[in-house]
Amino acid sequence: MTVVSKSSGPVPQPGILDIAMYVPGESHLPDGLTPIKLSSNENPLGPSPKAIAAFKKTAESMERYPDGGATELRQAIARVYGLDAGRLVCGAGSDELIGLLTHAYVGTGDETLFPEHGFLMYKIATLSNGGTPVTAPEKNLHTDVDALLARVTPRTKLVYLANPNNPTGTYIPFDEVRRLHAGLPKSTILVLDAAYCEYVRRNDYEAGIELVGTSDNVVMMRTFSKLHGLAALRLGWAYCPPGIADVLNRVRGPFNVSGPAIAAGIAAIEDRAHQEAAIAHNETWLPWVTAELEKIDLKVTPSVGNFILIHFPATGAKAAAAADKYLKSKAILLRAVGAYKLPHCLRMTIGTEAENRAVVAALQAFMTGRG
Ligand SMILES: *Cc1c(COP(=O)(O)O)cnc(C)c1O
């Protein structure tokens, strides 16, 4: 990163030069081979064919600005989930919504709070706005509500909770989320980042729709990048109390969601069969990959998402860095998660059957030294 001397030229706002740039999951191999890319939790089945068709159709009218309110998309989401479209705000990925919410509520001297292995965007958004990111320790790679509550101060403006969390793949039951909310001051917003909620099959889990509907200080974020397979289009939505929706609508760009994203998003949210197929695929392969890796003495954190966190020995020939290098030599890209304070782990997205089998075979060879 470039170092800017304070005396020599333009200086950005406080906090901005403290940001460690977000490094996306790798997507290219040095020699230009097509990799098995399991580094960004994308949908191995791709998007709904109906979303692809809707996207293509928008090519015929690209000279037109999109509907700045993304009205039809919000209405489609509202219909599918039984929500009030007036409380929905769409964004260029939930990343943009995290940024906008933070921009609107966090300034110099304010704090945000999140679990220690929480999604990196929370820290970046906080520093971008001059705020101080505060992290709470986790318990066995699970969010610890007591540790979060112990760190709430009068300056805590936002508490971000990815449930399930990325990169751990763990979740906390909704009773615990309610307990967290009950312990927060009314002036603190609880941000429930439910990027992976559709994959969770647990009776004690909820994404947070009901809590948003009955509170003034809870926001739920959702994305089209994971289950819906539309990561390239950049599309997410937030379900908000009316006051917070109003604030987000004031600070967002007037055309922050593109026409192609709106069209594809409507088709995707209405294609229930495609969503079910992606969930069923994950239900089959998540346990299979987990079990196969455990057979070769790799510890896998039990995941409820579409990815797993794989633990390697801290040192020696079987360490995570060596595994990453070996997999790359086999054209397999997983995600190193040192930036998430998990240097001995790699995160793997559940891929197609062929991809999953290829990773398991490669890791078997790596672990037994036959690689
Ligand atoms: C992938 C992910 C998102 C979604 O990001 P988009 O900007 O919508 O692509 C949000 N939160 C978490 C925890 C994620 O893993």
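Both ligands and their constituent atoms are indexed starting at 1 by order of listing. All values reported here derive from a predicted model rather than from experimental measurement. Numbers here are sequence positions counted from 1.
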* Nearest neighbour in protein (non-hydrogen) for atom 14 (C) of ligand 1 -> Lys226 NZ, 3.2 Å

* Determine which pairs satisfy side-chain hydrogen bond (donor to acceptor under 3.5 Å, both in side chains) with at least one residue from residues 139-149, sequence neighbours left out, and list them in order. => Asp146-Arg179

* To do: Considering only non-hydrogen protein atoms, determine which one is nearest to atom 12 (C) of ligand 1 and report residue, atom name and distance to 0.1 Å.
  => Asp193 OD2, 3.5 Å

* Distance-only donor-acceptor check, side chains His311 and Thr301, under 3.5 Å -> yes

* Interfacing atoms of ligand 1 (cut-off 4.0 Å, heavy-atom, Tyr196) -> 1 (C), 14 (C), 15 (O)

* Does some non-hydrogen atom of Ala195 fall short of 4.0 Å from ligand 1? -> yes

* Structure fact -> For Gly93, the ligand 1 atoms with a heavy-atom partner under 4.0 Å come out as 6 (P), 7 (O), 8 (O)

* Return the residue, atom name and 0.1 Å-rounded distance of the protein heavy atom closest to atom 7 (O) of ligand 1. => Arg234 NH2, 2.6 Å

* Asked: For atom 9 (O) of ligand 1, what is the nearest protein heavy atom, given as residue, atom name and distance?
  -> Ser225 OG, 2.6 Å

* **Charged N-O contact under 4.0 Å between Lys226 and Glu198** => no

* Heavy atom of the protein closest to atom 4 (C) of ligand 1 (residue, atom name, distance) -> Ser94 OG, 3.2 Å

* Taking atom types as modelled, is there a side-chain donor on Tyr81 or Arg222 under 3.5 Å from an acceptor on the other? -> yes

* **Axial cation check for Trp288 ring with Arg357, 6.0 Å and 45° limits** => yes

* Residues that Thr349 engages under side chain to side chain donor-acceptor pair (under 3.5 Å), provided they are two or more places apart -> Asn41

* Assess the side chains of Asp95 and Tyr22: does a donor N or O sit below 3.5 Å from an acceptor N or O? => no

* Asked: Which atoms from ligand 1 have a heavy atom of Asn166 less than 4.0 Å away?
  -> 13 (C), 14 (C), 15 (O)

